[in-house]
Amino acid sequence: MERAVAATAVVTPRGPGTLRGSGAPGVLELRPGAVAWDEDGTITYVGPPEGLGVEAEWLEGRTVAPGFVDCHTHLPFVGWRADEFEARLAGTTYRDQAGGGGIRRSARMLRAASDEEVLDFCRPLLAEMLAHGTTALELKTGYGLSVEAELRQARLARRLASEAPQTCVVTLLACHAVPEGVDRPSWVRAACEELIPAAAAEGLVDAVDVWVEDVAFTLADLEAVAAAAASAGLPLRCHADQLSPSGAAEAAAALGARSADHLNHVSRQGVAALGAGTTAAVLMPTSTLLLRAPPPPVGELLDAGALVALATDCNPGTSPVASMPEAVAIGCALYGLSPNEALVAATANAAWVLGLAPAHGTLAPGARADLVVLEGDAFRHVPYRPGHDPVIRTVIGGEVAWEREGGC
Ligand code: NIG
Ligand code: FE
């Protein structure tokens, strides 16, 4: 049986595909609008309500949009690090923490926890994401810091993915921090020669990531990881220019990476390379806010024609945030994105980063019926009230996966 909703507004990036640069003109706004889907959860109609062949549920004063796609998170992890945030407020830097605490501390917590304890910690976070409208997301390793522990984290990610209502893509963050007692070149060799091939052979991951930074890995390491990822047939992603400029964005673009993420200190050449190439610029404004870091040159990235995506970076160190509406809100207030630019960045473009476009991230015939019902008569209400969850209903594959008490 076909099902349909009609609402005061339906907003979506025009599919299929991504929108580069400002992207805002590529947003379709129907007022009123309607969406219908078949029993397989595939969208059959997006248009004015009068064009519907079936009866629709009418949602007065509501906006229907594609479900959010969170294309950069560090789940699964276990344990918080609120004391580190407090220490940073008192003057410690994240760079200081990157040496001994930080990532290595999360690695110790992961090691000390059983599989069930890790999953029990993560399940409520995925539920929180669902209640904030996330219908697809990335899970990442990077807290294993040994070949076996990274493979374990990837297996836990796949387990979480198999039980979550959301579509989950798993990334191997093979080079996140140098493990204690190991030198950097030895770890890069182990990551490239053992970890990446083993994870690929077991079908555990869909992409490979690396953090290029003076406290993490070098441009030469990025090249080595890129070669190993290419041999394994996996797309490359890169934490680039987060704490300082390193030339990582332009290097990632030259290597044909799927994305360069963070970009707080991206150079002019990096902006130009992202504008000209196919590597997406993944922005994480809540991470910037909580690190009290300078924002990336978002206007310049848009003007250069970059494919801009938004994500939460959900992790216990820099961004303990699970809410895409919050990422959208801070993306608008701190980065100057317009609401429609943020919509594109948080849906269609983010889906492209995860290799999920065009089935995810847009409302269009043939796409999956992953959608959210939002408060208000336009998408602008999402960034307007940070800290408030504007999502009333999350639909995944045509089924209601979460609904606020009291319903629509
Ligand atoms: O994306 N910069 C590297 N990685 C994470 C933080 C990880 C952590 O502190 O646990 C980030 O900000
Ligand atoms: Fe990250």
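As the structure lists them, so they are numbered: ligands from 1, and atoms in each ligand from 1.
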Task: Protein contact of atom 2 (N) of ligand 1 - nearest heavy atom, named by residue and atom, plus distance - done: Gln242 OE1, 2.6 Å
Open item on the list: Below 4.0 Å, non-hydrogen atoms only: which portion of His239 touches ligand 1? Side chain, backbone, both or neither.
Closed with: side chain
Open item on the list: Closer than 3.5 angstrom, by distance alone: can the side chain of Arg88 be matched with the main-chain N or O of Leu291 as a donor-acceptor pair?
Closed with: no
- [ ] Please report the shortest heavy-atom distance between Ser246 and Asp241, naming the atom on each side.
- [x] N-OD1, 2.9 Å
Open item on the list: For ligand 1 and Ser287, I'd like to know whether there is a polar contact (N/O to N/O, distance under 3.5 Å).
Closed with: no
TODO: Report, as yes or no, whether the 6.0 Å neighbourhood of atom CZ on Phe121 holds more than 12 heavy atoms from other residues, nucleotides or ligands.
DONE: yes
Open item on the list: Quick check on contacts: which atoms of ligand 1 are under 4.0 angstrom from a heavy atom of His176?
Closed with: 3 (C), 4 (N), 5 (C), 7 (C)
Task: Opening angle at the Fe ion (ligand 2) [NE2, His72; OD1, Asp313; to 10 degrees] - done: 80°
Open item on the list: Can you tell me if Phe77 contacts ligand 1 (heavy atom of the residue under 4.0 Å from the ligand)?
Closed with: no
TODO: Report, as yes or no, whether the 6.0 Å neighbourhood of atom CZ on Arg268 holds more than 12 heavy atoms from other residues, nucleotides or ligands.
DONE: no
TODO: May I ask you to identify the nearest protein heavy atom to atom 10 (O) of ligand 1, giving residue, atom name and distance to one decimal place in Å?
DONE: Tyr143 OH, 2.6 Å
- [ ] Look at the aromatic rings of Trp211 and Tyr94 and report parallel, tilted or perpendicular, splitting at 30° and 60°.
- [x] tilted
Open item on the list: Salt bridge or not between Glu399 and Arg3? Use side-chain N to carboxylate O under 4.0 Å.
Closed with: yes
TODO: Give a yes/no on ligand 1: does Met284 have at least one heavy atom closer than 4.0 angstrom to it?
DONE: no
Task: Single hit among Asp370, Thr134, Leu130 for side-chain contact (heavy atoms from CB on, under 4.5 Å) with Thr394 - done: Leu130
- [ ] Taking all non-hydrogen atoms of both residues into account, name the closest pair between Val205 and Ala154 and its distance.
- [x] CG1-CB, 4.1 Å
Open item on the list: Between Arg62 and Glu57 (salt bridge meaning N to carboxylate O under 4.0 Å), is one present in this structure?
Closed with: no
Open item on the list: Checking a contact table here: which protein heavy atom is nearest atom 12 (O) of ligand 1, and how many Å away?
Closed with: Thr318 OG1, 2.7 Å
- [ ] Please could you name the atoms of ligand 1 that His262 approaches to less than 4.0 Å, counting only its heavy atoms?
- [x] 1 (O), 11 (C), 12 (O)
- [ ] Among all protein heavy atoms, pick the one closest to atom 9 (O) of ligand 1 and tell me residue, atom and distance.
- [x] Tyr94 OH, 2.5 Å
TODO: Measure the distance from atom 11 (C) of ligand 1 to every protein heavy atom, then report the residue, atom name and distance (to 0.1 Å) of the closest one.
DONE: Asp313 OD2, 3.3 Å
Open item on the list: With the threshold set at under 4.0 angstrom, would you say Arg81 reaches ligand 1 through any of its heavy atoms?
Closed with: yes
